[in-house]
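The first residue in the sequence is number 1, and the count goes up from there. Fair warning: this is a prediction, and the values are worked out from it, not measured in the lab.
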Amino acid sequence: MPIGIYSRPPAGERFWAKVEKTETCWLWTGAVSPNGYGKFGVTWTPRRQTSPHRFVWESEVGSIPAGMTIDHLCRNKICVNPSHLRVASPRDNALAGTSPFALNSQKRQCLRGHPFDLLNTYYQSGTRQCRQCKRLRGRLHRERKEE
């Protein structure tokens with residue numbers, strides 16, 4: 001099909017032209033946003049962009065349920081290999097990553113070695129706190145105050 005001034009190749013054709021398949025990941029070679037994820041213009045409208053990993057999921061696997069995200073199992077933000085992707089809740093996606101939130105959620109004990117379990121853990125301002133450490137801080141505070 002000749003490309004005229006008002007015609008453009010189909011989205012799928014343009015998409016696959018920007019994918020480099022390696023032995024493991026299929027790498028997006030098109031535009032990348034500052035956060036490291038790819039960008040793909042689905043239509044002429046500049047505001048109608050999507051993430052390449054979402055585009056490939058919807059075109060190769062199926063629709064993405066409302067409120068769900070696509071998680072990169074390989075942790076490579078520009079990978080579009082459908083076998084490296086999964087549908088996940090935003091929380092599960094964040095917990096699978098390497099952000100401070102994800103790393104802290106994997107900790108099973110506080111800095112002093114007390115367990116984060118049901119009896120010893122409370123939440124304050126959205127963060128886990130250790131009850132034993134809180135008691136220790138209170139005791140030290142009272143001792144300093146008495147001096």
Value rounded to 0.5 Å, distance of [atom1] in [X] from [atom2] in [Y]:
{"X": "C133", "Y": "L111", "atom1": "SG", "atom2": "CG", "value": "7.5 Å"}
{"X": "Q109", "Y": "N120", "atom1": "CD", "atom2": "CG", "value": "11.0 Å"}
{"X": "L73", "Y": "I70", "atom1": "CG", "atom2": "CD1", "value": "10.0 Å"}
{"X": "R144", "Y": "H141", "atom1": "CZ", "atom2": "NE2", "value": "9.0 Å"}
{"X": "S33", "Y": "I78", "atom1": "OG", "atom2": "CD1", "value": "11.0 Å"}
{"X": "W26", "Y": "E20", "atom1": "CH2", "atom2": "CD", "value": "13.0 Å"}

Discussion item. Restricting to side chain to side chain contact (heavy atoms under 4.5 Å, CB included), what partner residues turn up for E146, sequence neighbours left out?
Written reply: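 Partners of E146 under the side chain to side chain contact (heavy atoms under 4.5 Å, CB included) test: none.
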Item to complete: From the options Y37, F55, F15, select the one residue that forms a ring-ring contact (aromatic ring centres under 6.0 Å, His included) with W28.
Response: F15
Fill in: Working for side chain to side chain contact (heavy atoms under 4.5 Å, CB included), residues R139 and R142
CA-CA 5 Å; R139 190 178 314 126; R142 285 188 301 277; 3.9 Å; yes
Item to complete: Determine which pairs satisfy side-chain hydrogen bond (donor to acceptor under 3.5 Å, both in side chains) with at least one residue from residues 50-61, sequence neighbours left out, and list them in order.
Response: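 Output for this query is empty, none listed.
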Worksheet entry | Connected-component partners of L140 among ILVMFWY, side-chain separation under 4.5 Å |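 Members alongside L140: L136.
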Discussion item. In this structure, would I64 and V61 fall into the same cluster of hydrophobic residues linked by side-chain contacts under 4.5 Å?
Written reply: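 Same hydrophobic cluster.
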Practice prompt. Determine whether V32 and L27 fall in the same hydrophobic cluster, where Ile, Leu, Val, Met, Phe, Trp and Tyr are linked whenever their side-chain heavy atoms lie under 4.5 Å apart.
Written response: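 Cluster IDs for V32 and L27 match.
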Worksheet entry | Contacts of T127 that satisfy side-chain hydrogen bond (donor to acceptor under 3.5 Å, both in side chains) - sequence neighbours left out |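 Only Q129 meet the side-chain hydrogen bond (donor to acceptor under 3.5 Å, both in side chains) criterion with T127.
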Worksheet item: Closest approach of V56 and P82, non-hydrogen atoms and distance?
Response: CG2-CG, 4.2 Å
Worksheet item: Taking the six-membered ring of W16, is NZ or CZ of K21 closer than 6.0 Å to its centre and within 45° of its axis?
Response: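 So K21 does make the cation-pi contact.
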Fill in: Pairs satisfying salt bridge (charged side-chain N to carboxylate O under 4.0 Å, His left out), at least one member in residues 101-127, at least two apart
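As it turns out, there is no salt bridge (charged side-chain N to carboxylate O under 4.0 Å, His left out) pair with a partner in residues 101-127 once direct neighbours are skipped.
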Discussion item. With salt bridge (charged side-chain N to carboxylate O under 4.0 Å, His left out) as the rule and sequence neighbours excluded, what pairs involving residues 126-135 come up?
Written reply: none
Which pairs would a plain distance check flag for residues 83-97, meaning a side-chain donor or acceptor within less than 3.5 Å of a matching protein atom at least two apart in sequence or in another chain?
unit_1, atom_1, unit_2, atom_2, d
S83, OG, N81, OD1, 2.8
S83, OG, N81, ND2, 3.4
H84, NE2, T24, O, 3.4
R86, NE, D71, OD2, 2.8
R86, NH2, D71, OD2, 2.9
S89, OG, D92, N, 3.0
S89, OG, D92, OD2, 3.3
N93, ND2, T69, OG1, 3.3

Practice prompt. Report yes or no: does R14 contribute a side-chain atom to a donor-acceptor pair with the main-chain N or O of F40 at less than 3.5 Å?
Written response: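 Between the backbone of F40 and the side chain of R14 there is no qualifying donor-acceptor contact (under 3.5 Å).
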